[in-house]
Amino acid sequence: MLTLVCGGALCCCSSYIGFAINWHYKKRNIFFSEMLNFIDFVTDNISFLKSPLQNIITTFIQNKKNDFAKLLWEYLNILQSGQNVNLQNLSNLLNLNLLKNDEKELVINFFNSLGKLDSETQLFNLKNYKTQIKKFGEQAEKKLKVTGGLAYKLGILFGIGIMILVV
């Protein structure tokens with residue numbers, strides 16, 4: 001009886017580890033897709049409505065609770081407090097473990113450039129950032145499908161294998 005309980009616990013732990021790895025890749029994929037949505041939203045608002053940056057951000061993050069929305073909330077707080085948006089503030093702000101260093105650098109540069117240029121130059125920069133973020137998003141989606149799915153399935157299979165060996 002005790003071996004059955006131990007085997008079940010090990011199976012659950014192994015499955016959870018596979019699920020956690022899959023969830024990490026899913027969060028990366030969501031981050032980049034939300035960032036692409038935000039770039040499109042900012043582009044539309046700058047092109048047609050000429051809305052202030054704080055209003056654009058506030059409108060975009062309503063009812064969102066993912067990692068990118070949290071990052072935008074913190075960025076908005078920096079803007080509203082009147083602090084200078086510099087690389088140090090942004091690097092402290094971007095303490096996400098789900099991004100690689102080159103991705104963090106791109107996101108920091110993106111936020112550092114927001115609202116500091118005229119509308120034509122800003123639209124050109126947004127277009128360039130969108131192509132770079134799209135590449136990172138495609139890589140994240142590929143990793144989610146391949147590595148994330150594999151980790152999830154292997155976690156379950158490994159847990160079942162441990163349970164068979166223990167019992």
Side-chain angles (χ1 to χ4, degrees), residues 16-155:
Y16 181 76
I17 290 170
F19 177 76
I21 293 170
N22 186 31
W23 183 244
H24 170 77
Y25 288 112
K26 190 175 287 188
K27 284 174 66 172
R28 281 177 49 82
N29 191 32
I30 291 170
F31 183 88
F32 287 120
S33 67
E34 280 296 308
M35 190 165 181
L36 285 172
N37 291 339
F38 178 70
I39 290 173
D40 288 337
F41 189 75
V42 170
T43 302
D44 291 344
N45 276 280
I46 289 175
S47 298
F48 302 113
L49 301 176
K50 308 261 190 244
S51 301
L53 183 60
Q54 293 179 3
N55 293 351
I56 294 171
I57 293 172
T58 304
T59 305
F60 182 79
I61 56 179
Q62 287 178 343
N63 303 323
K64 294 189 180 185
K65 297 185 188 287
N66 56 40
D67 288 324
F68 187 71
K70 290 176 189 173
L71 178 65
L72 280 176
W73 271 114
E74 293 178 22
Y75 178 71
L76 183 63
N77 289 335
I78 289 175
L79 289 177
Q80 289 175 341
S81 69
Q83 296 177 0
N84 287 336
V85 178
N86 55 31
L87 294 177
Q88 183 61 36
N89 284 347
L90 292 174
S91 60
N92 289 341
L93 182 72
L94 193 64
N95 192 13
L96 294 173
N97 294 329
L98 58 109
L99 297 179
K100 299 174 189 169
N101 288 336
D102 56 338
E103 296 165 347
K104 283 183 184 181
E105 186 177 321
L106 179 72
V107 172
I108 287 171
N109 290 335
F110 170 74
F111 282 114
N112 195 32
S113 71
L114 270 182
K116 293 184 178 177
L117 305 167
D118 63 295
S119 62
E120 295 298 319
T121 310
Q122 187 73 66
L123 290 172
F124 180 75
N125 274 356
L126 287 171
K127 181 181 170 187
N128 290 336
Y129 280 116
K130 184 177 180 179
T131 58
Q132 292 175 327
I133 294 297
K134 195 177 278 189
K135 288 178 189 173
F136 286 136
E138 289 169 357
Q139 291 172 356
E141 187 174 357
K142 186 177 179 181
K143 280 278 200 184
L144 172 63
K145 288 180 180 175
V146 176
T147 308
L150 183 66
Y152 183 67
K153 292 171 188 169
L154 283 177

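The analysis underlying the following values was restricted to heavy atoms, covering all of them including side chains, and did not include hydrogens, waters or symmetry mates.
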To the nearest 0.5 Å, atom CE of Met35 lies from atom CZ of Phe110 at 4.5 Å
Distance, nearest 0.5 Å, that separates CZ of Phe60 from CG of Leu76:
13.0 Å
Distance-minimising heavy-atom pair for Gln62 and Thr58:
CG-O, 3.2 Å
Does the side chain of Asn45 reach to within under 4.5 Å of the side chain of Thr59, using non-hydrogen atoms?
no
Is the count of non-hydrogen atoms from other residues, nucleotides or ligands lying under 6.0 Å from Phe41 atom CZ greater than 12?
yes
Using every non-hydrogen atom in the two residues, find where Leu79 and Ile57 come nearest and quote the distance to one decimal.
CD1-CD1, 4.0 Å
Which residue is it: Asp44, Ile133, Asn125? I am looking for the one with a side chain to side chain contact (heavy atoms under 4.5 Å, CB included) to Ile39.
Ile133
Interatomic distance, CZ@Phe38 vs CG@Leu114, rounded to 0.5 Å, equals 5.5 Å
Strictly by side chain to side chain donor-acceptor pair (under 3.5 Å), give each pair with a member in residues 127-136 just once, sequence neighbours left out.
Asp40-Lys130
CD on Glu141 to CZ on Phe32, rounded to 0.5 Å:
12.5 Å
In sequence, state the C-alpha distance, the side-chain angles, and the governing distance for Phe136 and Phe31, and then conclude on side chain to side chain contact (heavy atoms under 4.5 Å, CB included).
CA-CA 10 Å; Phe136 286 136; Phe31 183 88; over 6 Å; no
Main-chain N/O of Ile78 paired to Ser81 side chain as donor or acceptor, under 3.5 Å
yes
Roughly how far, to the nearest 0.5 Å, is CG of Leu126 from OG1 of Thr121?
11.0 Å
Let's go through Ile30 and Asp67 carefully: what are the C-alpha distance in whole Å and the side-chain angles of both, what is the deciding distance for side chain to side chain contact (heavy atoms under 4.5 Å, CB included) to 0.1 Å, and is it a yes or a no?
CA-CA 8 Å; Ile30 291 170; Asp67 288 324; over 6 Å; no
Specify the closest pair of heavy atoms between Gly115 and Gln122, including all atoms of both residues, with the distance to one decimal.
N-OE1, 3.1 Å
For residues 18-31, which residue pairs pass the side chain to side chain donor-acceptor pair (under 3.5 Å) check, not counting sequence neighbours?
Arg28-Glu103
For the CG atom of Leu99 and the CG atom of Leu106, what is their distance to the nearest 0.5 Å?
9.5 Å
For Asp118, does the CG atom have more than 12 heavy-atom neighbours from other residues, nucleotides or ligands under 6.0 Å away?
yes
Parallel, tilted or perpendicular: ring planes of Phe111 versus Tyr75, cut at 30 and 60 degrees
tilted
